[in-house]
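Because the structure is predicted, anything quoted here is derived from the model rather than measured. Chain identifiers are assigned alphabetically (A, B, ...) following the order of the sequence lines, protein sequences preceding nucleic acid strands; residue numbering begins at 1 within each chain.
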There are 2 protein chains.
Amino acid sequence: MTATPLLITPGCPIRTTLDMLGGKWSLLVLHQLAGGARRFGELRRLLPDISEKVLVQQLKQLANAELLVRTNHGEVPPRVEYHLTALGQQALPVLAATAEFGRVYAAHIQNGRATP
Amino acid sequence: MTATPLLITPGCPIRTTLDMLGGKWSLLVLHQLAGGARRFGELRRLLPDISEKVLVQQLKQLANAELLVRTNHGEVPPRVEYHLTALGQQALPVLAATAEFGRVYAAHIQNGRATP
DNA sequence: CAGAATCCGTTTCGATACTG
DNA sequence: CAGTATCGAAACGGATTCTG
């Protein structure tokens, strides 16, 4: 089960986004799809540190939230592609801000202290 | 113990930020500090759903990452304040993008489908 | 008031093996 | 190729109690 907890606390847009994208991998998946459609195997290779099970799980969750679409071309061998919806593309600014701050932070610790 | 896991995969700014702010509460804490300094008790009241332990833990982590500063005015009764550093302020765009997408998403599900 | 320390349940993660 | 199933480990989160 577990299905879709996604309990959305109404009235807090930050929580809404966090419940969707705050996970450990969601934004990385979106990042890989930002350039266009990707197959399952591609995503797996592009994100080597995520386990198969979790990747499937994240993709399901994101598809469920309608940020991406899963397309199963009924072929043999199987071919399944994922691509962002228009809604999913609206999440890209979050990704951009996240990446940008990561760079700022990296620059900061590089010529300063922090990170014991 | 637990110290600071913060294992930063070098080379991925998204991961860097996610390891810092991807938690369940960090962005909410930043949000409350965006307007200026806050005392511990204030934060506790402003974020009723976070437990004391987790709040302390998040504050430590954020202070450790130098996104905020803890100021202990050695008084009785104790008074401790937290405020954002310049670096912490640079994280506010992430917050803004997160909140904005939350609004977009809420509007989307309101006059459409999704959320089973 | 502002925390530290402890205990404990839930959720998440990941490696492996298996299927259509 | 694109998943599903299962298991155990680890992280996360919360309630309670205690301290200066």
Side-chain angles (χ1 to χ4, degrees), chain A residues 1-9 12 14-15 18-29 32-33 37-65 68-83, chain B residues 1-9 15 18-29 32-33 37-65 68-83:
Chain A
M1 290 61 188
T2 71
T4 322
L6 264 192
L7 246 300
I8 293 182
T9 318
C12 184
I14 303 176
R15 273 252 62 85
L18 243 39
D19 288 339
M20 232 183 320
L21 304 177
K24 200 169 171 182
W25 301 106
S26 307
L27 279 182
L28 279 308
V29 173
Q32 300 299 343
L33 293 178
R38 294 280 187 195
R39 297 181 57 173
F40 182 82
E42 288 184 286
L43 292 172
R44 218 167 114 53
R45 272 183 297 102
L46 290 165
L47 302 164
D49 291 344
I50 184 173
S51 79
E52 214 169 70
K53 189 186 76 174
V54 176
L55 177 56
V56 171
Q57 180 180 296
Q58 296 284 312
L59 288 169
K60 268 183 186 163
Q61 184 185 329
L62 292 171
N64 194 312
L68 58 81
V69 166
R70 188 191 114 118
T71 308
N72 186 354
H73 313 257
E75 303 178 359
V76 177
R79 187 158 70 93
V80 177
E81 282 186 340
Y82 298 86
H83 66 91
Chain B
M1 288 58 188
T2 71
T4 321
L6 263 192
L7 245 300
I8 293 181
T9 317
R15 273 252 63 85
L18 243 39
D19 288 340
M20 233 181 321
L21 303 178
K24 199 169 172 180
W25 301 106
S26 307
L27 278 182
L28 278 309
V29 172
Q32 300 299 342
L33 293 177
R38 293 281 186 194
R39 295 183 58 174
F40 183 80
E42 289 186 284
L43 292 174
R44 218 165 111 55
R45 273 183 296 102
L46 290 165
L47 302 164
D49 291 344
I50 184 174
S51 80
E52 215 170 68
K53 187 187 78 170
V54 175
L55 178 55
V56 171
Q57 179 180 295
Q58 295 285 310
L59 288 168
K60 266 184 188 162
Q61 184 184 329
L62 291 171
N64 194 312
L68 57 82
V69 165
R70 188 190 115 119
T71 308
N72 185 356
H73 314 257
E75 303 177 358
V76 178
R79 187 158 70 92
V80 177
E81 283 186 339
Y82 298 86
H83 67 92

Using the side chain to side chain contact (heavy atoms under 4.5 Å, CB included) rule, take A:H83 and A:L68 through it: C-alpha gap first, then chi angles, then the decisive distance, then the call.
-> CA-CA 5 Å; A:H83 66 91; A:L68 58 81; over 6 Å; no
Side chain to side chain contact (heavy atoms under 4.5 Å, CB included) assessment of A:Y82 paired with A:V69 = CA-CA 6 Å; A:Y82 298 86; A:V69 166; over 6 Å; no
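The nucleotide whose nearest atom lies closest to any side-chain atom of B:P77 is, among C:dG3, C:dC1, C:dG20, C:dC1. Comparing D:dC1, C:dG3, C:dC13 by their closest approach to the side chain of B:V56 singles out C:dG3. Of the candidates C:dC13, D:dG13, C:dG3, C:dG3 carries the atom nearest the B:F40 side chain, counting heavy atoms from C-beta on. Which of C:dG3, D:dG3, C:dC13 sits closest to the side chain of A:R70 comes down to D:dG3. Nearest nucleotide to the B:V80 side chain, out of C:dA2, C:dC13, D:dG13: C:dA2. Nearest to the side-chain atoms of B:K60 among the listed nucleotides C:dC13, C:dC1, C:dA4 stands C:dA4.
The nearest whole Å value for the distance from the CH2 atom in B:W25 to the C1' atom in D:dC12 is 12 Å. One atom, CZ of B:R45, and another, P of C:dA2, lie 9 Å apart when rounded to the nearest Å. The CZ-P distance, from B:R44 to C:dC1, rounds to 10 Å in whole Å. Rounded to an integer number of Å, the gap from A:E81 CD to D:dA2 P is 9 Å. The nearest whole Å value for the distance from the CG atom in B:L55 to the C1' atom in D:dC12 is 15 Å. Summarising the geometry, the separation between CZ on B:R38 and C1' on C:dA2 is reported as 17 Å, rounded to the nearest angstrom. The separation between A:E42 atom CD and D:dA2 atom P is 8 Å, rounded to whole Å. Here D:dA2 presents its P atom at 9 Å from CG of A:L43, a figure rounded to the nearest Å.
Between the side chain of A:R15 and the backbone N or O of B:K24, at least one donor-acceptor pair lies under 3.5 Å. Looking at B:Q32, its side chain never comes within 3.5 Å of a backbone N or O of B:V29 through a donor-acceptor pair.
The closest side-chain donor-acceptor pair between B:E81 and B:T71, if any, does not fall under 3.5 angstrom.
Rounded to the nearest 0.5 angstrom, B:R44 CZ and B:R38 CZ are separated by 15.5 Å. Atom CG of B:L21 is separated from atom CG of B:L28 by 11.5 Å, given to the nearest 0.5 angstrom.
Comparing B:Y82 and A:K24 against DNA chain C, the residue whose closest nucleotide sits nearer the 5' end is B:Y82.
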Below 3.5 Å is the cut-off: list the nitrogen or oxygen pairs between protein and nucleotides 15-17 of chain C, distance only.
none

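Neither OP1 nor OP2 of C:dC1 sits under 4.0 Å from any side-chain N or O of B:R39.
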